[in-house]
**Student:** 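There's a structure below that I have some questions on.
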Amino acid sequence: MVLNDKSAVVKALRDMGLLKQIKGENSFKTRAYEIAAERIAGVSDDIGELVSKGKLTELPGIGESMAAKITELVTTGKIAALEELRAEFPPAMLELLQVPELGPKKAKILHEQLQVGSIDQLEAACKAQRVRGLKGFGQKTEEKLLAAIEVARRSSSGSRRRLSQVLPKAQKLLAQIKTAPGVVRASLGGSVRRMRETVADVDLIVSAADPGPIFKQLTAMSEVAQVLGQGESKASVRLYDADGDLQVDLRVLPDEDFATALHHFTGSKAHHIRLRSLAIERGLKISEWGVHRGEEKLKITTEDDIYALLDMDPVPPELREDWGEIEAALEHRLPKDLITEQDVVGNVHAHTTWSDGRNSLEEMARTAQAMGLKYLTVTEHSQTAGYAGGLKEEDLKRQWDEIDAVNEKLKGFTLLKGVESDILEDGRLDYPDSFLSKLDVVICSIHQRHSQNEEQMTKRMLAAFDNPFFMIWGHPTGRLLLKREPAPMRMEQILDKAAERGITIEVNGSPERLDLSAEHVRLALQRKLKLVVSTDAHSVSELHDHLPYAVGTARKGWARKGDILNARPVKDFKAGLRLH
DNA sequence: GCCGTTTTCGGCCCGACTGTTTTCAGTCG
């Protein structure tokens, strides 16, 4: 095995599909590559294992030909057919498709007629007014492309941004839209509603008899930089935004169409394609405008009605990715009790002014209590983390006195004594066992030496799990979304050992982390590992603000209430942390 | 390229919007 890298496989399949599109191949063929890429991206299995065990063709959407290409890539490091395809085009050909408004058909014409093979060449051709003469192009297209090139360049660092950079703005927009006259129902849609860890735009779906005032409400907002388009049922705008351009798509429909429209614009695309095929088998047709049986339009009041018509369990938005939820819903084995924010009774992983937090112990405790919680784990940084005000044994012992004093004052609320201990480069923790044994909660995290290779990192974790006081594995991969890749490690092997040792895994809700990821949450749950949804709060506001991201990520990984330790009362929480 | 209690051949999700168009193609979601 030369290249056991799932993301490399996904990229190769996507690129192959796109290049074939530009060549003008049959669109169903090219879509097969997209489907296969999405399927691989969504499976939680190790790609090398799928190849070596010959299980690729068991995945829906992957047949003999696709399996052979994937096997070729994993075993030899490249796909000959893809190399040949690449050789037919300039190296930067695919970057052209990053330009909005420019798809494979127009790219093909530009390449064939004007030898355009990069964004820079496209810009030159447009400025020279050589594009407007091409068949199917005109002056307006040329001008639009020039503007689109700017958009593509501005967002070239990746047009997606972290969910946390968009969700609060989206919620604010939704609140403002709801104040427009005539609004009946309104909701967020799209990848924001599905709680994807990174998102590209905002979708708003509104029902009202007259769309006019709603469009007006949106386009009149001061944050709107440009109105990109407006028709009878939808409008798109671009917002001024410190993080770069943010597109907002607003749909307004009669209330009888709200549920089907909301469902349609929530996605994902892959989920819909599967669902609509199933509908056809049952003599139904699903579109954004409703569910039809022949000419008859069926009455759909909620999204659940759509799944009921297909004899499926209702699928919560976070699960709509075609990651196996379709099959599970058809077999009525979709989890019914996914974790919710209301289920959480204890806040896990908090820092105070004792280390690098911004609020005192008592402020954190009172805020958590006001949120309706019953306990809070105080887990300051450990002595190795000098940069974060890490505490020595004597410091922590003094902190216990203050914790005892605050616990005296608070009724029906408990501060638990803990620490976030660094996992050193050889897997040791940075306090002696004799001290760790005195704590209620020991979260163990990696804060340095992220650059170890896969072998070293895997060994480090396996060794760390041998410590009898290792209770919770904190932000396991150390990733920072769009900033730092997850540390390389053999996650399946590590989770196997964690399960053996009875270790609890953190789903860290710090918006830059979301660590574990939803995909890894599923891997952990397959091994019956216990989880905590944590805030990693460094201030009272983060106690509130981070919880939705932890819960959303856990839900997206199919975690149920029973899987989450801090959905249990304090006594059961403490008991659950003990190793077997 | 994938897939099959309507098929191993002949289908493959569906519609809005825009611009180039006298009836449609391309792009997007």
Side-chain angles (χ1 to χ4, degrees), chain A residues 13 16-18 20-22 24-39 56-70 81 96-110 131-145 148 159 189-194 199-205 211 227-236 247-253 257 260-292 306 310 322 326:
Chain A
L13 294 178
M16 208 152 166
L18 289 171
K20 280 172 178 280
Q21 277 188 46
I22 296 175
E25 282 228 36
N26 175 308
S27 64
F28 297 109
K29 252 188 203 185
T30 61
R31 216 188 73 202
Y33 285 90
E34 283 174 50
I35 291 172
E38 289 313 305
R39 176 62 56 179
L56 281 170
T57 51
E58 288 176 21
L59 298 170
I62 297 185
E64 295 299 329
S65 161
M66 212 62 85
K69 292 191 176 75
I70 296 167
L96 277 181
L97 301 185
Q98 303 299 315
V99 177
E101 321 280 342
L102 183 56
K105 302 280 172 56
K106 285 201 160 81
K108 177 177 160 68
I109 294 171
L110 287 163
V131 169
R132 60 181 62 184
L134 298 172
K135 185 171 167 55
F137 292 76
Q139 186 180 340
K140 277 199 168 175
T141 303
E142 197 175 73
E143 288 162 3
K144 264 188 141 174
L145 283 175
S159 55
S191 50
V192 173
R193 184 169 180 236
R194 300 202 313 279
V199 300
D201 61 9
V202 174
D203 292 278
L204 294 165
I205 298 90
V227 179
L228 297 169
Q230 186 177 331
E232 279 178 33
S233 71
K234 73 179 187 189
S236 297
Q247 185 171 331
V248 178
D249 294 329
L250 169 67
R251 273 85 180 184
V252 186
L253 321 95
D257 293 325
T260 42
L262 174 60
H263 185 256
H264 176 81
F265 291 112
T266 295
S268 68
K269 187 179 171 186
H271 180 83
H272 279 296
I273 290 174
R274 294 287 311 280
L275 219 53
R276 289 171 182 195
S277 296
L278 288 170
I280 291 170
E281 288 173 20
R282 287 162 175 73
L284 301 170
K285 188 184 78 169
I286 298 177
S287 81
E288 66 188 274
W289 291 109
V291 182
H292 289 80
I306 298 172
L310 298 173
D322 195 19
I326 303 265

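From a predicted model like this one, the values you see are computed outputs, not experimental measurements. Below, chain A is the first sequence line, B the second, and so on; all start at residue 1.
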**Student:** If you look at every strand shown and take non-hydrogen atoms under 4.0 Å, does Glu281(A) touch a base, only sugar-phosphate, or nothing?
**Tutor:**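 Nothing: the residue Glu281(A), judged by heavy atoms under 4.0 Å, touches no strand.
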**Student:** Scan every strand shown for a Watson-Crick or G-U wobble partner of dT8(B), both distances under 3.5 Å, and answer none if you come up empty.
**Tutor:**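 Answer to the pairing question: none, since dT8(B) forms no Watson-Crick or G-U pair.
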**Student:** With heavy atoms under 4.0 Å as the rule, sort Lys269(A) into base, sugar-phosphate or nothing.
**Tutor:**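 Base, at least one base heavy atom under 4.0 Å.
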**Student:** Mind checking the C1' distance from dC13(B) to dT8(B)? Whole angstroms is fine.
**Tutor:**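 These two C1' atoms come out 24 Å apart once rounded.
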**Student:** Under 4.0 Å, heavy atoms only, any strand: does Lys20(A) hit a base, just the sugar-phosphate, or nothing?
**Tutor:** nothing
**Student:** I'd like to check Lys105(A) versus Ile109(A) (side-chain heavy atoms, cut-off strictly below 4.5 Å). Are they in contact?
**Tutor:**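 A side-chain contact is absent here, since even the closest heavy-atom pair is not under 4.5 Å.
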**Student:** Please state the P separation for the pair dA25(B) and dT20(B) - nearest whole angstrom.
**Tutor:** 16 Å
**Student:** With a 4.0 Å cut-off on heavy atoms, is Leu275(A) in touch with a base, just the backbone sugar-phosphate, or nothing at all?
**Tutor:** nothing
**Student:** What are the bounds, 5' to 3', of the part of DNA chain B that sits under 4.0 Å from heavy atoms of chain A?
**Tutor:**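 Listed 5' to 3', the contact boundaries are dG1(B) to dG29(B).
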**Student:** Looking at side-chain heavy atoms only, is the closest gap between Ile62(A) and Arg39(A) below 4.5 Å?
**Tutor:** yes
**Student:** Using the C1' atoms only, state how far dC14(B) lies from dC9(B), rounded to an integer number of Å.
**Tutor:**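 The answer is 24 Å between these two C1' atoms.
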**Student:** Measure the shortest side-chain to side-chain distance between Tyr33(A) and Leu18(A) over non-hydrogen atoms and say whether it is less than 4.5 angstrom.
**Tutor:**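 No, too far: nothing below the 4.5 Å cut-off.
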**Student:** Reckon Lys29(A) touches a base, only the sugar-phosphate, or nothing at all at heavy-atom distances under 4.0 Å?
**Tutor:**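 Touches a base.
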**Student:** Could you check if a side-chain atom of Thr141(A) sits within less than 4.5 angstrom of a side-chain atom of Lys106(A), using non-hydrogen atoms only?
**Tutor:**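 Result yes, sub-4.5 Å side-chain heavy-atom pair found.
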**Student:** Mind checking if Ile35(A) touches a base, just sugar-phosphate, or nothing, with heavy atoms under 4.0 Å?
**Tutor:**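 Ile35(A): no heavy atom of the nucleic acid under 4.0 Å.
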**Student:** Below 30° counts as parallel, above 60° as perpendicular, anything between as tilted: where do the rings of His272(A) and His264(A) land?
**Tutor:** tilted
**Student:** Considering non-hydrogen atoms only, spot the tightest contact between Ala36(A) and Gly61(A) and give its length.
**Tutor:**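 Distance-wise, the nearest heavy atoms are CB-O, 4.1 Å.
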**Student:** Identify whether any heavy atom of Phe265(A) sits under 4.0 Å from a base atom; if not, whether one sits that close to sugar-phosphate; answer base, sugar-phosphate or nothing.
**Tutor:**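 Nothing, no heavy atom under 4.0 Å.
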**Student:** If I pick the P atom on dG26(B) and the same atom on dT21(B), what distance separates them, to the nearest angstrom?
**Tutor:**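 The answer is 12 Å between these two P atoms.
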**Student:** Which comes earlier along DNA chain B counting from the 5' end, the contact point of Lys135(A) or that of Lys285(A), where each point is its nearest nucleotide?
**Tutor:** Lys285(A)
**Student:** Mind checking the C1' distance from dT23(B) to dG29(B)? Whole angstroms is fine.
**Tutor:** 25 Å
**Student:** Is the shortest side-chain heavy-atom distance between Ile22(A) and Leu97(A) below 4.5 Å?
**Tutor:** yes
**Student:** Minimum heavy-atom separation for Ile326(A) to Asp322(A), with atom names?
**Tutor:**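 So the minimum-distance heavy-atom pair works out to CG1-OD1, 4.0 Å.
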**Student:** By nearest nucleotide on DNA chain B, pick out whichever of Pro100(A) and Ala32(A) is the more 5' one.
**Tutor:** Ala32(A)
**Student:** Have a look at Ser233(A) and say if it touches a base, only the backbone sugar-phosphate, or nothing, with a 4.0 Å heavy-atom cut-off.
**Tutor:** sugar-phosphate
**Student:** Across the strands shown, which category fits Glu143(A) at heavy-atom distances under 4.0 angstrom: base, sugar-phosphate, nothing?
**Tutor:** nothing
**Student:** Quantified in whole Å, what is the P atom distance between nucleotide dG1(B) and nucleotide dG15(B)?
**Tutor:**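 My reading of the P atoms in dG1(B) and dG15(B) gives 29 Å.
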**Student:** Work out how far the P atom of dG11(B) is from that of dA16(B), and round it to whole angstrom.
**Tutor:**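 25 Å, rounded to whole Å.
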